[in-house]
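Data first, discussion second: the structure below is written as structure tokens.
In the text below, chain A, chain B and the rest are named by the order of the sequence lines, each starting its count at 1.
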Amino acid sequence: MEQGFGSASESIDKSRVLEVKPLRCLVPVFPNPPGMSSVSTPQPTPFVCVPPSGPFPPGVQPFYPFLAPNGTQQTPPSNFGFGTNIPAPVPLNSFRTPPQANGTTSRPKKVAKTRASKSVGIEDDGLNESSEFGTEFTDPDGASNSGNRRVRPRRKSAENGGDGFDVDSLVNSFLASYKLSEFDDFRRTNGDNETVGTILLVFDLIRRKLTQLEETKELATGATRRPDLKAGTLLMTKGIRTNNLKRIGHIPGIEVGDIFFFRMELCLVGIHAPSMAGIDYMSVKLTKDEEPVAVSIVSSGGYDDEGNDGDVLIYSGQGGVQRRDGQMFDQKLERGNLALEKSLHRANDVRVIRGIKENNSSNAKIYVYDGLYKIRESWAEKKSGCNVFKYKLVRVPGQPEAFTLLKSIQQWKDGTATRTSVILPDLASGSESLPVALVNEVDGEKGPPHFTYISTLKYSKPFTSPEPSVGCHCVGGCQPGDTNCPCNRKNGGYLPYSSNGILMTNKSLIHECGLSCSCPPNCRNRMSQTGIKVRVEVFKTKNRGWGLRSWDPIRAGAFICEYAGDVIKALPGSVDNYIFDATRYYEPLEAVRENSNEFKKAPFPLVISAKNNGNVGRFMNHSCSPNVFWQPVLRESNNESYLHVGFFAIRHIPPMQELTYDYGMVSIDKQEKGKKKCLCGSVKCKGYFY
DNA sequence: GGCTTATCACTTAC
DNA sequence: CGTAAGTGATAAGC
């Protein structure tokens with residue numbers, strides 16, 4: 001055994017590193033402009049790319065930092081400000097040609113290739129799309145090679161017959177709803193907040209829907225065992241992705257601290273292209289030689305990374321372990337390892353995405369964009385006698401907290417560190433399953449005006465008395481696809497929630513199980529009845545009074561809390577800051593805001609006052625770019641129906657980001673009454689709210 | 001050179 | 001905890 005290498009310093013083998021052939025340029029060539037903000041104003045990087053299909057615009061020369069526009073300059077410019085010279089777009093590998101915006105020259109190729117080689121083909125069941133692709137592939141199975149014949153049958157099963165559901169039509173309808181049907185090359189290449197958000201939203205809608213279809217056995221067997229991959233592929237093959245060309249530095253539309261729940265999400269928004277590999281890199285051409293340069297890494301802890309030290313990350317190279325049997329061998333200085341080595345010498349920024357276990361019980365992982373790092377050192381270590389490369393990355397200073405914040409929160413939760421500025425450890429006094437801290441880091445105010453904490457909505461009398469409703473007899477909890485379950489039927493045949501409590505589809509009304517149902521309290525169809533699901537805190541905002549935010553990362557679609565309070569008959573005469581008025585018009589999602597009224601929610605006859613009694617819902621502020629939406633939830637029991645209001649996440653919400661929803665619009669004739677100046681700060685702010 | 005095929009990799013849910 | 005299905009990018013192969 002190589003126990004002689006026990007200490008890290010002894011095991012450093014610089015000779016490995018020194019084998020790298022000398023580099024022409026040993027000074028930083030991908031500098032950030034001084035004072036560059038990592039969050040709000042990502043600057044253009046030198047490697048903004050154009051579609052590599054060419055021809056290149058006149059005057060465009062590759063790799064500005066290395067070559068002057070005339071191609072004569074061999075050394076990096078001394079002025080790194082990029083003030084007058086806009087970095088030239090750079091073609092990457094030509095086979096990654098994205099579909100053209102209007103011409104269909106490259107698209108049929110890509111699609112045909114994808115179909116022939118990947119043979120997944122779920123998109124085939126909607127052949128209405130195929131005309132767009134021009135030439136239809138004729139005989140992919142006729143290819144001479146029979147090597148992967150094993151995989152072919154799946155394609156057949158997924159192609160059409162067995163599926164009771166038209167996935168392609170579903171996807172197309174999602175794309176139409178979110179105005180992605182005519183997704184152009186510009187958005188495909190250059191992301192922004194809205195494009196990134198919409199793509200992630202649609203990805204999750206498709207993923208959730210596929211999960212639902214899988215549960216109810218409406219898809220061919222095995223077709224969606226990995227709904228995340230399937231949803232990703234569907235969008236990828238349709239070209240619904242952004243930032244699809246690799247670049248060094250920040251990705252437009254993605255901020256430090258943004259969180260993700262699937263590796264496919266990282267691909268779709270262009271922050272990290274490989275679906276599994278941890279190192280993403282691209283080729284750059286220095287003179288006549290191409291060499292790889294690392295652009296991003298995912299640190300998931302699978303390789304003994306020493307990732308607990310905040311702004312320093314010791315990252316292990318890739319390879320060196322046989323996937324099947326776990327047998328180890330020497331890592332080689334190739335692919336990602338070589339790219340990291342080159343990036344060490346070039347000192348270019350490398351994006352770091354850190355994976356972290358969401359909680360102790362499940363092995364679900366979340367990924368947080370931790371911003372830019374630079375590689376400072378590399379060496380080789382021995383592990384079980386085999387060579388392993390190590391890279392020391394140091395975070396570029398001045399970026400907002402991201403990974404370290406998540407680590408701090410974990411410590412608050414497990415008690416190894418204490419949250420500062422806590423006024424009250426549990427505002428709810430134990431009436432919720434999770435404590436709700438009251439925090440003020442802003443001023444001396446000791447808390448909001450007094451109110452009584454209740455965890456659910458209080459009715460003085462039943463909401464409606466329609467025809468008798470039938471409760472279910474699902475003793476073990478309602479099961480998806482159970483056609484005998486009346487609660488299933490009331491929801492259109494699907495349970496509205498996934499197994500981990502994610503709202504599956506946006507509906508006008510959710511029917512939850514009620515008092516007359518035999519199912520247990522932990523039934524999946526009682527999501528809103530067991531109180532808050534995330535560890536929230538009430539905190540003092542800078543300029544908007546008290547607000548609500550979460551210690552836990554929140555998945556898109558996740559239930560957060562209901563709006564508790566007293567049901568009142570009508571709006572009180574005096575203006576009450578703690579009113580929830582379901583009779584207003586609401587536009588549920590920002591992404592469809594400009595669409596016609598058909599997307600607006602119909603008003604519901606429910607008004608709640610949380611002035612005297614309420615829960616955390618009463619602290620949620622208004623925003624014109626909200627991250628939370630509400631959903632009417634009906635709980636029925638025999639002849640009585642109780643309407644509730646459930647809050648759900650519109651998108652993935654990073655920890656400590658304020659939770660907000662759109663307070664909605666009152667009717668036209670009352671608009672001036674109770675108008676308040678909106679301070680949400682969104683670029684889409686309407687300036688006021690009610 | 002362009003297309004096909006195999007290989008790679010810090011996934012993920014059961 | 002193990003494992004198998006499954007992906008985009010890459011590189012080898014023809």
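Once the 5.5 Å centre distance and the 30° plane angle are applied, the aromatic ring of A:Tyr315 is found stacked with the base of B:dC10.
Electrostatic pairing of A:Asp204 and A:Arg207 counts as a salt bridge here, judged by a charged N lying under 4.0 Å from a carboxylate O. A salt bridge is absent between A:Asp228 and A:Arg263: the closest approach of a Lys/Arg side-chain nitrogen to an acidic carboxylate oxygen does not fall below 4.0 angstrom.
Closest contact between the side chain of A:Thr233 and the listed nucleotides B:dT12, C:dG8, C:dT10 involves C:dG8. The side chain of A:Arg263 lies closest to B:dC10, out of B:dC10, C:dT7, C:dT10. If you check C:dA11, B:dT12, B:dC10 against the side chain of A:Arg335, the one that comes closest is C:dA11. Between C:dT10, B:dT11, C:dG8, one nucleotide has an atom nearer to the side chain of A:Ser300 than all others, and that is B:dT11. Out of B:dA9, C:dG6, C:dG8, the shortest distance to the side chain of A:Gln318 is found at B:dA9. For A:Ser316, the listed nucleotide lying nearest its side chain is B:dC10; candidates were C:dA11, C:dT7, B:dC10.
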For this session: Apply side-chain contact (heavy atoms from CB on, under 4.5 Å) to A:Ile259 and A:Tyr367, showing your working.
Result: CA-CA 5 Å; A:Ile259 57 171; A:Tyr367 298 94; over 6 Å; no
For this session: Evaluate the side-chain contact (heavy atoms from CB on, under 4.5 Å) criterion for residues A:Val350 and A:Ile375: first the C-alpha distance (whole Å), next the side-chain angles of each, then the deciding distance (0.1 Å), finally the verdict.
Result: CA-CA 8 Å; A:Val350 177; A:Ile375 306 173; 4.1 Å; yes
Exercise. A:Ile502 and A:Tyr497: side-chain contact (heavy atoms from CB on, under 4.5 Å), yes or no, with the steps?
Worked result: CA-CA 5 Å; A:Ile502 305 289; A:Tyr497 304 109; over 6 Å; no
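Within the structure, every side-chain polar atom (N or O) of A:Lys332 is placed at least 4.0 Å from both OP1 and OP2 of B:dA9. Side-chain nitrogen and oxygen atoms of A:Lys365 include at least one within less than 4.0 Å of the OP1 or OP2 phosphate oxygen of B:dT11.
Here B:dC8 presents its P atom at 18 Å from NE2 of A:His272, a figure rounded to the nearest Å. Note: NZ (A:Lys246) to P (C:dG8) measures 13 Å, nearest angstrom. Straight-line distance from the CG atom of A:Asp228 to the C1' atom of C:dT7: 9 Å, rounded to whole Å. For the pair A:Leu210 CG and C:dT7 P, the interatomic distance rounds to 12 Å; values are reported in whole Å. Distance A:Tyr281 OH to C:dT10 P: 6 Å, rounded to the nearest Å. The interatomic distance linking A:Leu268 (CG) with C:dA9 (P) rounds to 10 Å, in whole Å. When the C1' atom of B:dT12 is taken as reference, atom CZ of A:Arg208 falls 18 Å away, rounded to whole Å. The CE-P distance, from A:Met276 to B:dT11, rounds to 7 Å in whole Å.
Across the strands present, B:dC10 finds no partner; the criterion is a Watson-Crick or G-U wobble pair with both atom distances under 3.5 angstrom. Under the Watson-Crick and G-U wobble criteria, each requiring two contacts below 3.5 Å, nucleotide C:dG6 is left unpaired.
Taking 3.5 Å as the limit, the base of C:dT7 and the side chain of A:Arg226 contain no donor-acceptor pair of atoms between them.
As judged by a 4.0 angstrom heavy-atom cut-off over every strand, A:Asp280 is placed among residues making no nucleic acid contact.
A 4.5 Å side-chain heavy-atom check between A:Glu265 and A:Ile271 finds every atom pair outside the cut-off.
Annotation: of the two residues near DNA chain B, A:Arg207 and A:Glu334, the 5′-most nearest-nucleotide partner is A:Glu334. Taking for each of A:Gly278 and A:Tyr367 the nucleotide of DNA chain B with the nearest heavy atom, the 5'-most of the two is the partner of A:Gly278.
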